[in-house]
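Right, one structure below, let's go through it.
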Amino acid sequence: MTDYRHHWKDGAQVHHPCGKIVCIGRNYADHAAELNNPIPESPLLFIKPSTAAVHMTRPVRIPRDRGEVHFETELAVLIGRPLTAASQDDSRQAILGYGLALDLTLRELQSELKKKGQPWELAKGFDGACPLSPFVPAESLPQRNLKFSLDIDGERRQTGDTSVLLNPILPLISYISHQFTLLPGDVVLTGTPKGVGPLHPDQILSLQLEDALFIETRVV
Ligand code: ZN
């Protein structure tokens, strides 16, 4: 029996249920390239419903018979104050904490939707489509260049570094808040670096954010 280990800094909170989950597509150039996607001129936003959120520390349940379910490891930002048309400075003050998310994606369905020019929600909004870690208080992390990683069965598959985001965190949150209001409990996902791929039952996922968060979980 595997011993699943989770560590996080004192004060990290499991924050569920959350509100809406606002996501950005193609925010790392290397990931846009691996899927042969052009880099958008303005942020490409989509929303996962709150019902997509599940605890990452529990086994990650993937849908069957809906084609490949891809993992996308992303830095998640927990919003703590209402933000409407907010400045970057207001956005900074509204960040309650940072965590990790898996933006689970029905990749084959998403490709069909893209071809038809249709929204992506069917491929990204299903129940359980957003495993979320506990959130580490913002003040206990470095304010720049947060690094994170995903290992599958002991092999490094994704590494992220927010210093190379095409839309950095504060401009992104400010931009989102100019399109629609963010509320306390909403979560912003900041995009995935390259290395995405299909999940399979019984894989062990190990996710790390700086030295603040370490999560081990299993795919079922
Ligand atoms: Zn994503």
Side-chain angles (χ1 to χ4, degrees), residues 18-54 56 60-63 66-79 98-114 118-133 135 146-152 157-169 171-173 175-176 179-180 182 186-199 205 207-209 213 215 217 219:
C18 66
K20 62 184 174 289
I21 304 161
V22 184
C23 310
I24 178 166
R26 306 175 199 165
N27 204 20
Y28 285 84
D30 60 2
H31 170 64
E34 76 177 341
L35 295 186
N36 292 317
N37 286 318
I39 289 167
E41 284 177 17
S42 55
L44 172 56
L45 301 182
F46 60 95
I47 294 180
K48 287 176 182 263
S50 59
T51 42
V54 289
M56 186 186 281
V60 172
R61 295 189 174 279
I62 55 173
R66 298 186 70 184
E68 287 190 349
V69 184
H70 272 210
F71 57 86
E72 297 186 356
T73 312
E74 311 199 6
L75 181 78
V77 184
L78 178 61
I79 302 298
Y98 296 97
L100 292 173
L102 291 171
D103 169 15
L104 298 185
T105 304
L106 303 172
R107 190 69 78 200
E108 292 160 31
L109 176 56
Q110 187 198 25
S111 297
E112 285 173 32
L113 294 169
K114 274 190 201 166
Q118 293 181 357
W120 299 354
E121 271 73 7
L122 290 180
K124 286 186 172 272
F126 57 89
D127 287 4
C130 194
L132 285 172
S133 77
F135 285 85
L146 294 173
K147 295 187 179 66
F148 59 93
S149 61
L150 166 73
D151 292 358
I152 299 183
R157 300 291 292 273
Q158 289 196 283
T159 56
D161 179 343
T162 58
S163 69
V164 299
L165 290 177
L166 298 172
N167 298 276
I169 294 169
L172 172 62
I173 293 173
Y175 176 84
I176 292 169
Q179 316 307 315
F180 42 81
L182 288 167
D186 286 351
V187 172
V188 173
L189 303 195
T190 55
T192 188
K194 73 173 179 189
V196 303
L199 288 175
L205 311 180
L207 297 100
Q208 187 165 357
L209 170 60
L213 195 62
I215 304 233
T217 191
V219 181

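Residue indices begin at 1 and follow the sequence shown. For ligands, and for the atoms within them, numbers begin at 1 and follow the listed sequence. The model shown is predicted, which means the values in this text are computed figures rather than measured ones.
Listed by chain and number, the residues in a ring-ring contact (aromatic ring centres under 6.0 Å, His included) with Phe46 are Trp120 (sequence neighbours excluded).
By the 6.0 Å contact criterion, CZ on Arg61 is open, its count of non-hydrogen atoms from other residues, nucleotides or ligands being 12 or less.
Under the 3.5 Å distance criterion, the side-chain polar atoms of Gln208 are left unmatched by any main-chain donor or acceptor of Leu213.
Annotation for Met56 and Thr217: closest pair O-OG1, 2.9 Å, computed over non-hydrogen atoms.
By the 4.5 Å heavy-atom criterion applied to side chains, Leu165 and Leu75 are not counted as neighbours.
No hydrogens or angles considered: a donor-acceptor pair under 3.5 Å links the side chains of Thr192 and Gln158.
If you count the protein N, O or S atoms nearer to the Zn ion (ligand 1) than 2.8 Å, you get 3.
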